[in-house]
Amino acid sequence: MKNELLIMIPTYNEVENAPRIFLEIVATGVPADVLFIDDCSPDGTGDAVEKLTPNHPNLTLIRREGKLGIGSAHLTGIRYAYEKGYKKLLTMDCDFTHNPADIPRLIQALEGHEIALGSRYLKSGSLSEWNPLRKCITVFAHFLTKILLGLEEDASGAFRIYNLEKISIDIFKIITARSYSFFFESLFILRKNGCHVNQIPIHLSARTYGSSKMSISEAARSFRFLIALFLGNSSCPEQFRATSIVVKPQEGLSDPQGWDPYWNKKGSASGLLYQVIASYYRQIVIRPNLEYWMKSAFPIGTRLLHAGSGSGQVDRYLHNRWKVTGLDISLSALRQYAVNNPQAYSVEHGTIMKLHFEAESFEGIYNLGVMEHFEVSEIQLILKEFYRVLKPGGKVLLFWPHAFSISVAILKGVHKVLKATSKTFTELHPAEITYIRSRKQAEELIAESGFRLIDYSFGPRDCWVQSVIILEKKAGDE
Ligand SMILES: Nc1nc2c(ncn2[C@@H]2O[C@H](COP(=O)(O)OP(=O)(O)O)[C@@H](O)[C@H]2O)c(=O)[nH]1
Ligand SMILES: [Mg+2]
């Protein structure tokens with residue numbers, strides 16, 4: 001039998017609780033299918049659930065190969081619910097902290113909303129059975145999610161119901177947390193994408209059997225995740241908006257410079273600070289400057305290639321003027337690009353050393369802070385590829401860090417200090433190999449490519465950070 005509602009319960013060492021909670025759910029009389037997601041619990045929870053399945057066609061068990069985290073279990077449940085076409089998904093813990101008797105009330109609360117959840121903060125005494133440390137952590141977490149993420153609701157609880165018909169699966173794809181941070185990250189992202197949340201007061205009993213899997217180190221990890229989310233939101237709030245753009249991975253691309261790990265990087269405090277500063281610099285200095293040069297180089301409405309687009313924070317406002325294709329070697333960067341640029345013409349996985357576009361596909365090509373990461377011989381290959389895919393008369397606009405740039409000097413200093421003070425230091429970004437030193441050097445670099453240098457500038461407009469170079473492919477063949 002298949003119901004419209006799926007109830008999903010993640011389990012890890014819940015052998016005493018799992019069969020009981022299932023039978024209590026059945027006893028509520030709510031028409032629902034029930035899914036347990038067990039992470040190979042050593043206590044045999046999976047087997048205990050499996051024993052019930054012959055007599056209960058509405059019961060399903062997914063066994064995963066190991067403890068992959070509570071957030072990851074919820075995401076698996078969410079994906080499963082969409083795949084099987086359920087209209088609603090209810091999630092709860094297995095340890096009877098969430099009372100099956102509250103299920104009908106929660107379902108009712110979903111009416112007219114995208115999500116409804118059980119809150120411990122609507123009535124006093126909801127946590128009366130909990131130990132003081134656990135109470136403190138929970139209340140503090142609520143305080144932080146409220147002030148840092150603006151979430152008024154109980155953001156760290158699992159007793160929730162989602163109206164899947166009203167929520168696009170693309171929204172869930174933005175979630176990155178695999179552990180307890182899943183709860184506040186998911187609620188934050190759902191809210192960002194316009195979902196309405198209803199709450200019902202619930203009383204949380206202490207655990208009946210077994211022990212909690214939440215540890216102090218888990219709490220510390222969630223705290224770090226929360227700070228990263230807050231900083232990410234203050235520097236680039238658009239990254240949490242859903243997009244329907246699909247990025248198709250290209251097989252066999254190698255990434256020797258390590259761009260994917262760079263874009264995937266989370267957690268290290270210095271890395272995070274660098275990304276926040278870089279993000280503000282991009283918004284305040286680069287974006288207006290880029291628009292100025294783009295207007296001078298590319299006719300409105302033409303097709304452009306952003307060759308080495310990264311997360312495309314500066315591209316957001318370009319799409320109503322040009323048809324921009326974002327291209328990068330890193331899939332992680334491209335996923336962010338797609339989220340930051342839902343109006344992009346297309347988003348493509350590929351290398352700039354061998355472009356997968358036909359000859360004369362674009363009127364313009366641009367990039368920022370890309371060319372300096374390559375050796376001179378590689379740069380010449382890249383320029384050849386640019387030349388090939390550009391239409392005659394097309395232009396290339398490059399923002400290329402200058403050897404005497406202020407930011408290069410500052411970053412070198414920061415690298416030195418970090419290297420000297422931190423044992424676990426990792427480079428903030430892949431190595432910069434080839435800076436621009438002068439117009440003459442730029443002329444020499446492009447000499448073989450067939451391009452003509454039509455503009456070169458290094459000055460106050462960009463706070464002496466990058467040199468701006470414009471190349472042109474001659475109209476009409478020579
Ligand atoms: N599948 C799966 N379930 C988990 C994992 N960690 C915790 N759970 C389950 O998630 C629910 C909540 O976990 P619990 O330890 O009670 O966390 P607490 O309520 O925050 O103390 C329970 O049903 C656990 O069995 C995990 O890594 N994988
Ligand atoms: Mg619990």
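Counting starts at 1 for both ligands and their atoms, in listed order.
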**Student:** Write out the residue and atom name of the closest protein heavy atom to atom 19 (O) of ligand 1, then the distance separating them to 0.1 Å.
**Tutor:** Asp93 OD2, 3.5 Å
**Student:** Once you restrict to heavy atoms under 4.0 Å, what part of Arg63 touches ligand 1? Side chain, backbone, both or neither.
**Tutor:** neither
**Student:** Where do Ile25 and Ile103 come nearest, in terms of heavy atoms and distance?
**Tutor:** CG1-CD1, 4.0 Å
**Student:** Should the pair Phe223 and Phe140 be assigned to parallel (<30°), tilted (30 to 60°) or perpendicular (>60°) ring geometry?
**Tutor:** parallel
**Student:** Salt bridge between Asp38 and Arg63, side-chain N to carboxylate O under 4.0 Å?
**Tutor:** no
**Student:** At what distance is the nearest protein heavy atom to atom 23 (O) of ligand 1, and which residue and atom is it?
**Tutor:** Pro10 O, 2.8 Å
**Student:** Among protein heavy atoms, which lies nearest atom 28 (N) of ligand 1, and at what distance?
**Tutor:** Asp39 OD2, 2.7 Å
**Student:** Determine, considering heavy atoms only, which of Phe96, Phe36, Tyr180 sits nearest to atom 13 (O) of ligand 1.
**Tutor:** Tyr180
**Student:** Nearest non-hydrogen atom to atom 5 (C) of ligand 1 belongs to which of Lys67, His74, His98, Arg64?
**Tutor:** Lys67
**Student:** Examine distances only and state if a side-chain atom of Glu185 and a backbone atom of Phe182 form a donor-acceptor pair shorter than 3.5 Å.
**Tutor:** no
**Student:** Give a yes or no on this: more than 12 heavy atoms of other residues, nucleotides or ligands lie within 6.0 Å of atom NZ of Lys135.
**Tutor:** yes
**Student:** Does the residue Thr11 have a heavy-atom contact with ligand 1, meaning some pair of atoms that are separated by less than 4.0 Å?
**Tutor:** yes
**Student:** Give yes if a backbone or side-chain nitrogen or oxygen of Leu68 is under 3.5 Å from a nitrogen or oxygen of ligand 1, and no if not.
**Tutor:** no
**Student:** Can you report which non-hydrogen protein atom sits closest to atom 15 (O) of ligand 1, along with the distance?
**Tutor:** Lys213 N, 2.5 Å
**Student:** Run through Tyr366, Phe399, Tyr345 and flag the one making a ring pair (Phe, Tyr, Trp, His ring centres under 6.0 Å) with His306.
**Tutor:** Tyr366
**Student:** Give the ring-plane orientation class for Phe159 versus His98, where under 30° counts as parallel, over 60° as perpendicular and anything between as tilted.
**Tutor:** parallel
**Student:** I need the nearest protein heavy-atom contact for atom 21 (O) of ligand 1: residue, atom name and distance, please.
**Tutor:** Ser212 OG, 2.4 Å
**Student:** Among all protein heavy atoms, pick out the one at the shortest distance from atom 4 (C) of ligand 1; state its residue, atom name and that distance to 0.1 Å.
**Tutor:** Tyr12 CB, 3.8 Å
**Student:** By the definition side-chain contact (heavy atoms from CB on, under 4.5 Å), identify the one residue from Asn163, Asn198, Leu90 that meets it with Leu110.
**Tutor:** Asn163
**Student:** List every atom of ligand 1 that sits less than 4.0 Å from any heavy atom of Ile37, numbering the atoms from 1 in the order shown and giving each element.
**Tutor:** 1 (N)
**Student:** Show me which atoms of ligand 1 lie under 4.0 Å from any heavy atom of Gly69.
**Tutor:** 26 (C), 27 (O), 28 (N)
**Student:** Write out the residue and atom name of the closest protein heavy atom to atom 20 (O) of ligand 1, then the distance separating them to 0.1 Å.
**Tutor:** Arg134 NH2, 2.9 Å
**Student:** How far is atom 22 (C) of ligand 1 from its nearest protein heavy atom, and which residue and atom name does that atom have?
**Tutor:** Glu14 OE2, 3.3 Å
**Student:** In plain terms, say whether Asp39 and Arg64 are close enough for a salt bridge, that is, a side-chain N and a carboxylate O under 4.0 Å apart.
**Tutor:** yes
**Student:** Among Ile70, Thr91, Asp95, which one has a heavy atom closest to atom 10 (O) of ligand 1?
**Tutor:** Ile70
**Student:** What N/O/S atom of Asp95 is the closest to the Mg ion (ligand 2)?
**Tutor:** OD2
**Student:** Using a 4.5 Å cut-off on heavy atoms from C-beta on, say whether the side chain of Tyr86 contacts that of Leu89.
**Tutor:** no
**Student:** Any heavy atom of Met92 sitting closer than 4.0 Å to ligand 1?
**Tutor:** no
**Student:** For this output row, return yes or no: ring centroids of Phe225 and Tyr180 closer than 6.0 angstrom.
**Tutor:** no
**Student:** Under the 3.5 angstrom rule, does the side chain of Trp400 hit a backbone N or O of Thr434 as a donor-acceptor pair?
**Tutor:** yes
**Student:** What are the atoms of ligand 1, with element, lying closer than 4.0 Å to any heavy atom of Ala73?
**Tutor:** 1 (N)
